[in-house]
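Residue numbers count from 1 along this sequence.
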Amino acid sequence: MSYQLENTQQGEKYNTIFSRTTPAQRRKRNARTKLRSRLLLGVYLLLMILPIYWLLNMSLQTNSEILGSMTMWPENLTFDNYIGIFTDSSWYMGYVNSIAYVLMNMLITICVALPAAYAFSRYSFIGDKHLFFWLLTNLMAPPAVFLLPYFQLYYSVGLFDTHIAVALAHCLFNIPLAIWILEGFMSSVPKEIDETAYIDGYSFPRFFIKIFIPMIRSGIGVTLFFLFMFSWVELLLARTLTATEAQPIGMIMTRTSTASGIDWGTLAAAGVLTILPGILVVYFVRNHIAKGFALGRT
């Protein structure tokens, strides 16, 4: 009783103080709050963008300028670092190799994960929850655990140093992740839609492709985003399972160290070009990602 009385008195006190403030004072307080929020947001964005800007700045400088003095903008603007990458097959083929196995992995993973996630979301069978949990446990193991088995297997069957080898190795981690994300989106779709489609004479493939997949396109966009991010930045498996023909760009970037030192300009230019595919992916699926984070399991 005394606790309720104390809260009531405190509330009346705050209401009295608030009623004493004039509209001008309240507008001033709101303006200070907005200004503080914008300043904090500006500092955060500055800290996030500064490394990317500095990478771009270094890519437009020569090595002597990079090592000589710190400048906010290149004194002698040069595109030689980018020209060297696009004219050297050992460099631009690294991007081609990375994009090739990333796209292959995304295609294989989404084709396997869509029907598997539908089965988990629509049907109940013996051990379904245990199997679903077992899929997630694959994500708990570091990629280094599977290096030796994959290397020996691919070398024995002739898949070593191929794009499909890296794509299949990444499927071990991406397929469980894709199933986990898509199952959350599919479970949010009412089962009555499936039954109505069957009554209307739709076959399962036709229903799945024309009706069901468009309804979960936001989930597919989120899934493809995560699949791309894992395969694009993963280096350990890609480096171990390739030698010369299918080396990713991450492996090529480690070769900038020579007897004369590290080629900082070329390394920075390669870093800028490595960021661009991620920016393009985010741009094309940005609407799906926003909806997916709001509605899906992620």
Indicate every side-chain donor-acceptor pair of residues 220-229 with a distance under 3.5 Å to a residue at least two apart or in another chain.
| unit_1 | atom_1 | unit_2 | atom_2 | d |
| --- | --- | --- | --- | --- |
| Thr223 | OG1 | Gly219 | O | 2.7 |

For this session: Take Phe173 and Phe146, measure what ring pair (Phe, Tyr, Trp, His ring centres under 6.0 Å) needs, and give me the verdict at the end.
Result: CA-CA 11 Å; Phe173 301 93; Phe146 304 98; 5.7 Å; yes
Student check: side-chain heavy atoms of Ile193 and Met215 closer than 4.5 Å: yes
Discussion item. Does either side chain, that of Glu192 or that of Thr196, offer a donor lying less than 3.5 Å from an acceptor on the other one?
Written reply: no
Rounded to the nearest 0.5 angstrom, the NE2-OG1 distance for His130 and Thr137 is 13.0 Å
*Could you please spell out the steps behind the side chain to side chain contact (heavy atoms under 4.5 Å, CB included) verdict for Ile164 and Leu159?*
CA-CA 7 Å; Ile164 189 64; Leu159 289 179; 3.9 Å; yes
Apart from Ile52 itself, its cluster of hydrophobic side chains linked below 4.5 Å comprises none
Practice prompt. Find out if a path of hydrophobic residues (ILVMFWY) with successive side-chain heavy-atom gaps under 4.5 Å connects Phe212 to Ile110.
Written response: yes
- Is there side-chain contact between Leu103 and Leu107, with heavy atoms separated by less than 4.5 Å? no
For residues 166-176, the salt bridge (charged side-chain N to carboxylate O under 4.0 Å, His left out) pairs (sequence neighbours left out) are none
In short, Cys171 meets Thr109 closest at the heavy-atom pair SG-OG1, 3.7 Å
So OG1 of Thr78 and CD1 of Ile83: to nearest 0.5 Å the spacing works out to 7.0 Å
Between Ile211 and Pro214, the two heavy atoms sitting closest are O-CD, 3.4 Å
For Tyr82, the side-chain hydrogen bond (donor to acceptor under 3.5 Å, both in side chains) test, sequence neighbours excluded, returns Ser59
Contacts satisfying side-chain hydrogen bond (donor to acceptor under 3.5 Å, both in side chains) that involve residues 143-167 (not counting sequence neighbours) are Asn97-His163, Asp161-Thr244
Interatomic distance, CE@Met186 vs CD1@Ile181, rounded to 0.5 Å, equals 12.0 Å
*With a 4.5 Å limit on heavy-atom distance, are the side chains of Phe160 and Glu245 in contact?*
no
Residue set satisfying side-chain hydrogen bond (donor to acceptor under 3.5 Å, both in side chains) with Ser203, at least two apart, ordered chain then number -> none
Residue pairs meeting side-chain hydrogen bond (donor to acceptor under 3.5 Å, both in side chains), one or both in residues 39-58, sequence neighbours left out, come to Asn57-Gln61
Sorted by chain and number, sequence neighbours left out, side-chain hydrogen bond (donor to acceptor under 3.5 Å, both in side chains) with Asn174 holds for Asn105, Ser231
- Task: Taking the side chain as every heavy atom from C-beta outward, state whether Lys34 and Ser37 have any pair of such atoms under 4.5 Å apart.
- Result: no
_Side-chain heavy atoms nearer than 4.5 Å, only ILVMFWY residues, links allowed to pass through others: does that put Ile49 and Val282 together?_
no
**Study point:** Side chains of Leu114 and Leu182 in contact at under 4.5 Å (non-hydrogen atoms)
**Key:** yes
*Hey, quick one: are Leu56 and Leu77 part of the same hydrophobic cluster, counting side-chain heavy atoms closer than 4.5 Å, chains of contacts allowed?*
yes
In terms of heavy-atom contacts, Pro176 and Leu135 come closest through CB-O, 3.0 Å
Salt bridge (Lys or Arg N to Asp or Glu O under 4.0 Å) filter on Arg122, not counting sequence neighbours, yields Asp194
Heavy-atom closest pair (Gly94 atom, Ile252 atom, distance to 0.1 Å) is CA-CG1, 4.2 Å
Do Phe120 and Leu131 make a side-chain contact, defined as non-hydrogen atoms from C-beta onward lying under 4.5 Å apart? yes
Exercise for the section: Go through Phe230 and Leu177 one step at a time and tell me if the side chain to side chain contact (heavy atoms under 4.5 Å, CB included) criterion holds. Expected result: CA-CA 10 Å; Phe230 177 85; Leu177 177 64; 5.7 Å; no
For this session: For side chain to side chain contact (heavy atoms under 4.5 Å, CB included), just list the numbers for Tyr95 and Ile85, CA-CA rounded to whole Å, side-chain angles, deciding distance to a tenth of an Å, and then say yes or no.
Result: CA-CA 10 Å; Tyr95 291 99; Ile85 290 176; 4.0 Å; yes
Taken to the nearest 0.5 Å, the spacing of Met106 CE from Cys111 SG works out to 11.5 Å
**Report entry** Tyr198 OH: over 12 foreign heavy atoms closer than 6.0 Å
**Finding:** yes
One should read off an interatomic distance between Leu46 CG and Leu41 CG, to the nearest 0.5 angstrom, of 11.0 Å
The complete set of side-chain hydrogen bond (donor to acceptor under 3.5 Å, both in side chains) pairs with one or both residues in residues 234-243, sequence neighbours excluded, reads His170-Glu234
Would you say Tyr101 and Ser98 make side-chain contact, with heavy atoms under 4.5 Å? yes
So OG1 of Thr87 and CG of Asp80: to nearest 0.5 Å the spacing works out to 9.5 Å
Strictly distance-based, threshold 3.5 Å: is any side-chain N or O of Asn63 a donor or acceptor partner for the main-chain N or O of Trp264? yes
Linking I/L/V/M/F/W/Y whenever any side-chain heavy atoms sit under 4.5 Å apart, do Met251 and Ile249 land together?
no
Given the rule in the side chain to side chain contact (heavy atoms under 4.5 Å, CB included) test, do Val189 and Ile216 qualify, once you have shown the distances and angles that lead to the verdict? CA-CA 8 Å; Val189 178; Ile216 60 167; 3.9 Å; yes
Residues passing the side-chain hydrogen bond (donor to acceptor under 3.5 Å, both in side chains) test with Ser90, sequence neighbours excluded, are Asp88
Side-chain donor-acceptor contacts of residues 267-279 below 3.5 Å, not counting sequence neighbours, with atom names and distances?
| unit_1 | atom_1 | unit_2 | atom_2 | d |
| --- | --- | --- | --- | --- |
| Thr274 | OG1 | Ala270 | O | 2.6 |

- Item | Cluster check Leu241, Val157: I/L/V/M/F/W/Y, side chain < 4.5 angstrom | yes
Quick one: sort the Phe208 and Tyr118 rings into parallel, tilted or perpendicular, breaks at 30° and 60°. perpendicular
Q) Does the ring center of Tyr92 lie less than 6.0 Å from the ring center of Phe86? A) no
